[in-house]
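Predicted model only: the values in this text are computed from it and were never measured.
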Number of protein chains: 2
Amino acid sequence: MKIIKYPQKDSWEGIVRRPHLDLSQLNATVNGVLSDIKENGDKAVRKYEEKFDHASLDEIEVTTEEKEEAMSLISKELYDSLVIAHNNIAKFHESQKFDGKKIVTVNGVTCWQKSVPIQKVGLYIPGGTAPLFSTVLMLATPAKIAGCPEIVLCTPPDKEGRVNPAILAAAKIAGVERIFKIGGVQAIGAMAYGTESVPKVYKIFGPGNQYVMAAKQQVSLHDVAIDMPAGPSEVCVIADEDSNVEFVAADLLSQAEHGVDSQVILITTSESMLDAVSKEIELQLKKLPRREIAAKTLENSKLVLVHDTDEAIELSNSYAPEHLIIATKDYEQLSEKVVNAGSVFLGKYACESAGDYASGTNHTLPTHRYALAYNGVNLDSYNRKITFQYLTEDGIRSIGQAVVTMAENEQLEGHANAMRLRMDSLK
Amino acid sequence: MKIIKYPQKDSWEGIVRRPHLDLSQLNATVNGVLSDIKENGDKAVRKYEEKFDHASLDEIEVTTEEKEEAMSLISKELYDSLVIAHNNIAKFHESQKFDGKKIVTVNGVTCWQKSVPIQKVGLYIPGGTAPLFSTVLMLATPAKIAGCPEIVLCTPPDKEGRVNPAILAAAKIAGVERIFKIGGVQAIGAMAYGTESVPKVYKIFGPGNQYVMAAKQQVSLHDVAIDMPAGPSEVCVIADEDSNVEFVAADLLSQAEHGVDSQVILITTSESMLDAVSKEIELQLKKLPRREIAAKTLENSKLVLVHDTDEAIELSNSYAPEHLIIATKDYEQLSEKVVNAGSVFLGKYACESAGDYASGTNHTLPTHRYALAYNGVNLDSYNRKITFQYLTEDGIRSIGQAVVTMAENEQLEGHANAMRLRMDSLK
């Protein structure tokens with residue numbers, strides 16, 4: 001861990017900078033697979049599943065029997081937990097429903113927005129040793145609440161061609177019916193272009209490794225929208241002298257165990273807290289099954305000492321973390337000053353894992369300083385706000401001349417004429 | 001114009017398909033300019049302004065004197081029109097302000113969203129013979145209402161190094177203070193990377209030619225967000241036997257005059273309307289100053305006859321037009337069935353030019369079938385909805401065990417531990 005005490009402001013850029021993430025060297029490989037999927041559909045999907053997931057698939061789509069079997073394979077405890085998480089995620093995302101108001105901007109001119117669900121969406125869930133069934137809840141629950149009529153989920157099978165039962169259970173709880181056993185670049189291609197089995201979608205959501213990220217970037221240039229650009233996960237914790245040392249250390253470690261490229265930063269106003277957290281991390285680290293990954297991440301992590309919590313929040317805003325835990329006693333005032341972050345956790349009990357799983361907020365969040373311009377997945381991500389307008393005769397009288405004048409000055413006589421004809425009809 | 005009568009549904013894809021738009025052949029040129037700007041800043045900006053806009057610039061930023069002079073150079077009529085348009089745009093976008101509600105998802109767990117403006121935004125306004133001052137109002141007005149603290153506008157100068165006075169007047173009315181005389185790829189690069197004069201921004205908005213579009217796409221891969229992918233402008237008009245022939249023809253032509261790659265489609269339930277519009281277009285076309293452009297566009301335009309308005313709206317939804325004018329008598333019922341469009345104009349008086357200039361809706365809209373997944377620029381485009389959460393001791397009791405169970409099943413022991421420590425502290 002790098003300990004940085006009272007850094008000068010002109011050195012902040014070095015503290016907040018992320019490692020350069022260039023996916024373009026993967027483009028040749030990725031584009032090869034994408035083109036093959038585009039051209040050869042299911043046949044190519046099967047080929048790459050054989051090659052990359054070592055799975056020989058007869059049926060690409062998960063069957064009803066497989067889904068039913070999955071429910072018997074997971075523990076009651078896990079099922080109940082998924083239901084609790086789903087209820088909270090549903091309640092929070094339900095509350096985000098948008099009701100467009102009709103606005104009379106000027107006499108006779110009424111404008112409004114209407115939120116309309118994207119008609120076809122695709123969700124990608126990575127596989128591997130730790131199946132991210134929580135991400136199924138995070139992506140599918142708002143898609144159902146938004147009312148997207150067609151929801152497709154792709155996730156890689158194991159060598160026996162089976163999908164992890166917890167993923168299938170989460171999909172059932174969230175209401176996703178069409179699940180395909182496809183992983184990696186081939187999954188992104190299948191959803192972007194469509195195959196004989198997999199419907200083409202209009203927007204693709206979900207995390208993945210560098211190849212998946214590169215594939216999402218590629219297809220987003222022409223074919224579909226994507227949820228957001230991605231990068232390694234990260235947390236920033238702001239602590240003062242009264243923060244709970246054990247909690248702070250555990251929160252930093254819970255991020256560090258994600259992957260060796262994760263980013264972990266502590267910003268504190270207390271030198272003794274900095275020392276204590278540093279020691280506590282060493283203690284807790286020893287007990288973690290994923291300690292090798294976490295230890296590697298910690299090599300690049302930073303513990304930063306600043307003068308006061310205002311400076312702390314300013315540095316955090318410059319860092320623009322995916323997750324921000326404000327564990328100071330003045331968390332309420334500090335929370336008002338947050339301008340760049342994905343999701344913010346306030347006080348001693350709001351640990352990142354609460355939001356990762358079950359509090360109700362979404363865990364698909366902007367990393368890699370993308371929080372400067374992007375927010376996390378929310379109900380809006382599955383909708384478009386289409387604008388509508390209606391004009392009466394009075395509306396033409398209110399804005400007709402302004403439209404004609406502006407169109408003439410932009411030398412667009414056809415635009416002026418379309419309004420002039422309406423004005424003339426009222427004479 | 002291509003006349004298509006009662007097309008079979010399996011031929012719709014041919015009707016709605018857009019010409020393939022591949023900007024990648026421009027990438028070498030575009031990347032060359034971008035790298036140069038990134039490396040050499042203002043010096044490179046000046047070089048490309050000399051080369052592409054034939055303008056030799058001492059000062060890159062527009063001065064107070066130039067802005068004051070501009071106000072004396074535009075007519076009172078244009079100024080008044082800009083103020084009318086600005087008022088309506090402001091009123092509609094003000095109404096889009098978001099007030100996040102605090103939601104108790106479960107006992108002791110409170111989650112909410114807060115809308116926070118993007119701190120630095122860049123607006124690009126193309127120059128040329130017809131300066132798009134209306135786009136200044138459309139992009140800058142919501143940026144100001146959102147409260148973006150730093151707003152930068154770039155627009156190309158003429159050969160004498162001057163910016164069109166209508167653009168400066170619109171910027172003043174909308175409240176934009178920092179305006180730079182930079183066009184094309186060099187403007188996108190300057191805002192994406194920052195130079196000695198131009199501040200780096202986090203999101204870039206605005207239209208442009210193919211080079212500008214390619215540059216926006218390139219910088220969006222790593223450095224900044226952009227408003228949306230772009231393509232040629234387009235309109236779809238749905239008409240029945242009672243629609244006003246002159247209005248329909250004028251609306252189609254107002255789109256056709258934009259550029260030779262514009263897209264224009266009429267969908268009608270009436271064969272006589274189809275014939276009448278076709279003839280009226282020929283008449284009106286002769287009077288248009290931009291008739292050569294419009295005539296070229298019309299070669300690729302389509303007049304489609306369908307059986308009823310339900311089929312019309314279904315075809316329109318498949319087309320996903322940027323602008324949709326519903327000029328039928330059942331426009332109200334049809335409007336309920338719109339699922340894919342950028343902006344919708346209802347009834348005989350709501351012409352596209354109303355929304356292009358002054359009704360209050362935004363005219364920066366998704367083209368090229370991007371309306372399937374994107375909406376137009378609105379107040380949300382300048383904000384991020386950051387999520388916050390707060391847990392009490394009861395919150396830990398409500399979701400603690402579910403979090404631990406899910407984390408253990410995802411094999412993320414560090415995540416489980418962060419929650420378990422909180423649970424233990426309450427025992």
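Highest contact tally toward chain B, considering only A:Gln401, A:Gln217, A:Lys203, is held by A:Gln217 [criterion: heavy-atom pairs under 4.5 Å]. Listed options B:Ser335, B:Pro229, B:Ser398 were ranked by heavy-atom pairs under 4.5 angstrom with chain A; first place goes to B:Ser335. Ranked by heavy-atom pairs shorter than 4.5 Å toward chain A, the options B:Asn244, B:Leu221, B:Asn362, B:Asp80 are led by B:Leu221. Chain B forms more heavy-atom pairs under 4.5 Å with one residue of A:Gly355, A:Ala407, A:Ala416 than with any other, namely A:Ala407. Of all the listed residues (B:Ala373, B:Ala256, B:Ser95), the one sharing the greatest number of non-hydrogen pairs under 4.5 Å with chain A is B:Ala373. Looking only at heavy-atom pairs under 4.5 Å with chain A, the residue among B:Thr387, B:Val201, B:Leu391, B:Ile118 that has the most is B:Thr387. Options A:Thr405, A:Val109, A:Leu372, A:Thr361 differ in how many heavy-atom pairs under 4.5 Å they form with chain B, and the most are formed by A:Leu372. Ranking A:Leu253, A:Asp251, A:Leu82 against chain B, the residue ahead of the rest is A:Asp251, based on heavy-atom pairs under 4.5 Å. Per-residue counts of heavy-atom pairs under 4.5 Å with chain A were compared for B:Val338, B:Val224, B:Val83, B:Asn383; the largest is that of B:Val338. Top candidate by heavy-atom pairs under 4.5 Å with chain A, chosen from B:Asn87, B:Leu365, B:Thr110, B:Thr392, is B:Thr392. When A:Ser81, A:Ala250, A:Pro117, A:Ser75 are compared by the number of non-hydrogen pairs under 4.5 Å with chain B, A:Ser81 comes out ahead.
Side-chain contact between B:His222 and A:His368 is absent, with no heavy atoms from C-beta onward closer than 4.5 Å. With contacts defined as side-chain heavy-atom distances shorter than 4.5 Å, the pair B:Ile399/A:Asn88 qualifies.
Put simply, CG on B:Asn340 and CD on A:Gln119 are 5.5 Å apart, with the number rounded to the nearest 0.5 Å. The distance from the SG atom of A:Cys111 to the NE2 atom of B:His93 is 9.5 Å, given to the nearest 0.5 Å. Note that CG of B:Asn375 is 8.5 Å distant from CD1 of A:Ile386, once rounded to the nearest 0.5 Å. With rounding to the nearest 0.5 angstrom, the CG atom of A:Leu421 is 5.5 Å from the CD atom of B:Gln284. To the nearest 0.5 Å, atoms CD (A:Gln113) and OG (B:Ser343) are separated by 10.0 Å. Taken to the nearest 0.5 Å, the CD atom of B:Glu94 stands 10.5 Å off from the CD1 atom of A:Ile103.
With B:Lys91 contributing its side chain and A:Val104 its backbone, the two residues share a donor-acceptor pair below 3.5 Å. Not a single donor-acceptor pair under 3.5 Å links the side chain of A:Gln389 to the backbone N or O of B:Phe345. Distance alone, capped at 3.5 Å, is enough to place a donor-acceptor pair between the A:Thr105 side chain and the B:Ser359 backbone. Listed for the A:Glu413 side chain is no donor-acceptor partner under 3.5 Å among the backbone atoms of B:Pro289. Proximity of a side-chain donor or acceptor of A:His415 to a complementary backbone N or O of B:Ser254 within less than 3.5 Å is detected.
When heavy atoms are compared at a cutoff of 4.5 Å, A:Val344 approaches chain B by way of both its backbone and its side chain. Interface remark: A:Ile89 contributes no atoms to any contact with chain B (heavy atom separation under 4.5 Å). Neither the backbone nor the side chain of B:Ile326 comes within contact range of chain A; no heavy atoms are under 4.5 Å apart. Heavy-atom distances place both the backbone and the side chain of A:Leu412 under 4.5 Å from chain B. Only the side chain of B:Leu288 comes within less than 4.5 Å of a heavy atom in chain A; its backbone stays farther off. Within the 4.5 angstrom heavy-atom criterion, atoms from both the backbone and the side chain of B:Glu393 approach chain A. Contact annotation for B:Phe98: neither backbone nor side-chain heavy atoms come within less than 4.5 Å of a heavy atom of chain A. Within the 4.5 angstrom heavy-atom criterion, only side-chain atoms of A:Leu137, from C-beta onward, approach chain B. Within the 4.5 angstrom heavy-atom criterion, atoms from both the backbone and the side chain of A:Val339 approach chain B. Interface residue A:Ala371: only backbone heavy atoms are found under 4.5 Å from chain B. In this structure, chain B has a heavy atom under 4.5 Å from the side chain of A:Ile84, while its backbone stays farther away. Within the 4.5 angstrom heavy-atom criterion, only side-chain atoms of A:Ile396, from C-beta onward, approach chain B. Heavy atoms closer than 4.5 Å to chain B are found in the side chain of A:Asp356, but not in its backbone. In this structure, no portion of A:Tyr382 lies under 4.5 Å from any heavy atom of chain B. Neither the backbone nor the side chain of B:Ala166 comes within less than 4.5 Å of any heavy atom of chain A. With a 4.5 Å cut-off on non-hydrogen atoms, A:Tyr370 touches chain B through its side chain but not through its backbone. Interface remark: A:Ala358 contributes backbone and side-chain atoms alike to the contact with chain B (heavy atom separation under 4.5 Å).
Residues satisfying the ring-ring contact (aromatic ring centres under 6.0 Å, His included) criterion with B:Tyr79, sequence neighbours excluded, are absent altogether. Contacts of B:His86 classified as ring-ring contact (aromatic ring centres under 6.0 Å, His included), with partners at least two apart in sequence or in another chain: none.
Taking all atoms of both residues into account, the shortest heavy-atom contact from B:Pro131 to A:Asn409 is CD-O, 4.4 Å. Taking every heavy atom of both residues into account, A:Tyr349 and B:Ser425 meet most closely at CE2-OG, 4.1 Å. Residues B:Ser353 and A:Ala418 come closest through the heavy atom pair OG-CB, 3.9 Å. Closest approach of A:Arg422 and B:Lys348 over heavy atoms only: NE-O, 2.8 Å. Listed here is the closest heavy atom pair of A:Leu346 and B:Phe388: CD1-CD2, 4.2 Å. When all heavy atoms of B:Ala354 and A:Val403 are compared, the closest pair comes out as CA-CG2, 4.1 Å.
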Original post:
So A:Met406 and B:Glu77, side-chain contact (heavy atoms from CB on, under 4.5 Å) or not? Walk me through it.
Top reply: CA-CA 9 Å; A:Met406 289 172 76; B:Glu77 202 191 0; over 6 Å; no
**OP:** Apply the test side-chain contact (heavy atoms from CB on, under 4.5 Å) to residues A:Asn417 and B:Lys287: give CA-CA distance (whole Å), side-chain angles for both, the deciding distance (0.1 Å), then the verdict.
**Re:** CA-CA 10 Å; A:Asn417 192 50; B:Lys287 297 178 211 153; over 6 Å; no
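Because its NZ or CZ atom is not both nearer than 6.0 Å to the ring centre of A:Tyr374 and within 45° of the ring axis, B:Arg384 does not count as a cation-pi partner of that residue.
Checked by atom type, the side-chain pair B:Glu332/A:Tyr390 shows no donor-acceptor distance below 3.5 Å. Between the side chains of B:Ser134 and A:Glu410, a donor-acceptor pair is found at a separation under 3.5 Å.
A:Asp223 and B:Arg369 are not joined by a salt bridge, as no carboxylate oxygen comes within less than 4.0 angstrom of a charged side-chain nitrogen.
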